[in-house]
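Below: one structure, written as structure tokens.
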Amino acid sequence: MTPAIETHQLTRVFREPGRLFRRSTAPGTVALDDLSIAIERGECVALVGPNGAGKSTLLRVLSTVVLPTSGVARVLGTDVASDPVAVRRKVGVMTGDDRSFFWRLTGLENLVFFAEIQGLSTREARHRSAELLDALGLAAAADRRFSGYSTGMRQRLGLARAMLHCPPVLLLDEPTANLDLEHRSQVLDLLRPLLAEGGTTALIASHDAGLAVTVANRVIRLEHGRLATTSEPREPQRYLLRVRGLTAEQSAALAVSGDTLEVDDLGDGHALAATVASIVSGGGEIVGVESVAARTLR
Amino acid sequence: MRLLALVVAFLRRDWINETSYRAMLLIETLGVGSSLILFYSIGRLVGGQPEPLREYGGEYFPFALVGLAVSGYFSISLISASNRLRQAQTTGTLEAMFVTATPPGWLLALSTAWDYLLATIRLAIFVGVGVLAMGVDFDFNVWAALPVIVLSLVSFVALGLIAASCILVVKRGDSIAILGNIITTVFGGVLFPITLLPEWARPISYLIPLSWALDGLRRATLVGAGPRDISGSLLALAISALVLAPLAWLSIRWATERVRRDGSLGHY
């Protein structure tokens with residue numbers, strides 16, 4: 001069976017725009033570099049990696065907003081470059097941009113509009129929108145203008161929009177960013193059964209260590225646009241490092257509080273290793289390490 | 001059926017959005033009333049039946065009334081899609097709409113539905129006030145007027161989509177659309193017949209679909225001319241629709257691919 005999401009030697013380079021009468025000679029930023037991955041139908045994959053690793057670019061390529069520079073990307077067998085409209089019918093996209101709604105429309109009116117341009121009839125659109133607003137704890141704010149929504153409410157409305165047409169593939173960019181504990185649980189409660197049924201495939205870019213363990217069955221780590229590792233989700237760890245010998249600037253850059261530094265690690269050791277390398281290369285010394293389960297801390 | 005549902009969805013969205021700016025609605029209504037009084041007064045000043053207006057019934061006010069009504073549609077076609085696109089770019093809604101199942105060309109065209117509805121209401125007010133309060137006497141030939149309206153709309157919408165495609169790529173081109181609007185108002189014969197233009201400037205008028213639309217519609221509505229009488233205007237409008245419609249389709253395709261390649265869809 002064709003994988004739900006498939007990329008083969010996918011590369012995306014962003015060129016610097018030129019100035020007036022002058023073409024840019026800058027080499028451009030390589031956001032995705034020869035990336036080949038396959039995600040099977042029904043899988044939920046957490047896409048992790050540091051800022052600038054290429055997570056959002058991969059989601060933008062798969063949602064047809066950006067074309068690959070070279071290589072191939074397919075969603076349920078359909079090429080994102082040659083048949084974008086067919087791909088858009090199959091994916092639900094959460095962009096993570098809280099400006100992307102109509103501010104003078106209510107939450108419900110916004111969802112109904114997006115559902116209708118996604119192909120639902122007005123009746124279906126109203127029913128589905130109300131259902132999702134309820135599931136995400138936004139029913140009481142359904143008739144409030146979007147401009148009055150808090151950041152967390154906008155975030156949840158973005159997730160609802162991605163799920164309006166019950167797409168077989170979900171592409172979610174930081175679905176739990178800016179959410180407090182209660183609303184984060186609401187999002188996970190909505191995603192968990194949907195993904196457990198196996199009918200929906202999800203690719204979720206996230207820095208949320210707990211999310212990978214709670215809903216994902218695989219973790220893909222990107223670094224510099226390349227595939228770094230692919231692994232089973234492991235219990236995330238929070239490490240408390242006691243350090244000394246760092247300059248004030250280094251301490252500020254690493255967000256050291258007093259002599260202690262908190263490191264959230266997905267359980268694969270990458271974040272811990274990168275932090276230790278920064279401390280050592282900056283002339284610092286680690287004098288103590290303590291580990292606690294990050295999920296428990298949440 | 002799906003198209004109708006989409007038109008209703010866009011109209012509903014814009015109705016909620018636009019009526020939330022109540023002061024703007026009032027200002028627009030005042031603007032329509034002022035234009036009517038202005039051109040009625042000019043009509044009285046001009047008086048009589050000036051020679052260049054003979055073929056359109058002779059009186060200035062009905063001549064200007066049809067000019068204003070049709071140029072309203074033309075201006076909206078030229079500017080509306082570009083304005084709506086720019087709005088969507090700056091507010092961040094463009095990408096969100098782009099990733100839905102409605103193709104980009106449809107999104108652009110449908111986003112102008114509200115402005116066309118307003119233009120139609122404005123037209124109805126112009127004609128209603130003109131007939132009931134200012135004594136304009138129309139001699140309407142529906143078989144001539146209808147093809148002029150359809151062909152003109154195809155040409156106008158296509159021009160608007162071409163302008164919007166340019167905005168999609170170059171991001172800022174509103175001033176070009178406004179300049180185009182001014183040029184076509186002058187050379188299109190909105191407020192005076194193009195026979196009054198200097199000899200050297202008339203060929204410019206013949207290249208503008210608005211001038212053919214105005215000529216055809218004025219004859220069909222003011223002096224009851226039939227399709228045969230306005231065959232020149234109909235032919236020019238048919239050629240313009242046949243050229244501009246595929247050009248609009250191609251330009252949207254090109255612009256969409258270009259912004260996907262540059263990764264600049266949401267940039268502004």
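Hydrogens, waters and symmetry mates play no part in the numbers below; they use all other heavy atoms, side chains included. Proteins come first, then strands; the chains are lettered A, B, ... in the order of their sequence lines, and each starts at number 1. What you are looking at is a predicted structure, and each value in this text was computed from that prediction instead of being measured.
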ask   = Are B:R12 and A:E109 close enough for a salt bridge, meaning some N to O gap below 4.0 Å?
value = no

query = Is any NZ, NE, NH1 or NH2 atom of the basic residue among A:E116 and B:R13 found under 4.0 Å from an Asp or Glu carboxylate oxygen of the other?
reply = no

note = Scored by heavy-atom pairs under 4.5 Å with chain A, the best of B:V99, B:V8, B:N17 is B:V99

Using non-hydrogen atoms and a 4.5 Å limit, figure out which bit of [X] sits close to chain B: side chain, backbone, both or neither.
X	result
A:V93	side chain
A:V112	side chain
A:S63	both

note = Checking heavy-atom separations under 4.5 Å from chain B, one finds in residues 125-141 of chain A A:R126

Closest approach of [X] to [Y] (non-hydrogen atoms, all atoms of both residues):
X	Y	result
B:R2	A:G119	NH1-CA, 3.6 Å
A:R161	B:A96	NH1-CB, 3.5 Å
B:G263	A:R12	N-NH2, 3.8 Å

query = Taking A:Q118 for the side chain and B:T100 for the main chain, is one N or O donor matched with an acceptor at less than 3.5 Å?
reply = no

query = Between A:R88 and B:T102, is there a donor-acceptor pair closer than 3.5 Å when you use the side chain of the first and the backbone of the second?
reply = no

key: Side chain / backbone / both / neither for B:L94 at chain A, heavy atoms under 4.5 Å   = neither

key: Note, B:R260 side chain near A:T64 side chain (heavy atom, < 4.5 Å)   = yes

ask   = Looking at side-chain heavy atoms only, is the closest gap between B:T93 and A:F102 below 4.5 Å?
value = yes

message = Can you list everything that forms a ring pair (Phe, Tyr, Trp, His ring centres under 6.0 Å) with B:F10? Sequence neighbours excluded, please.
response = A:F113

remark   = Counting heavy-atom pairs under 4.5 angstrom with chain B, the leader among A:I117, A:V66, A:V65, A:V85 is A:I117

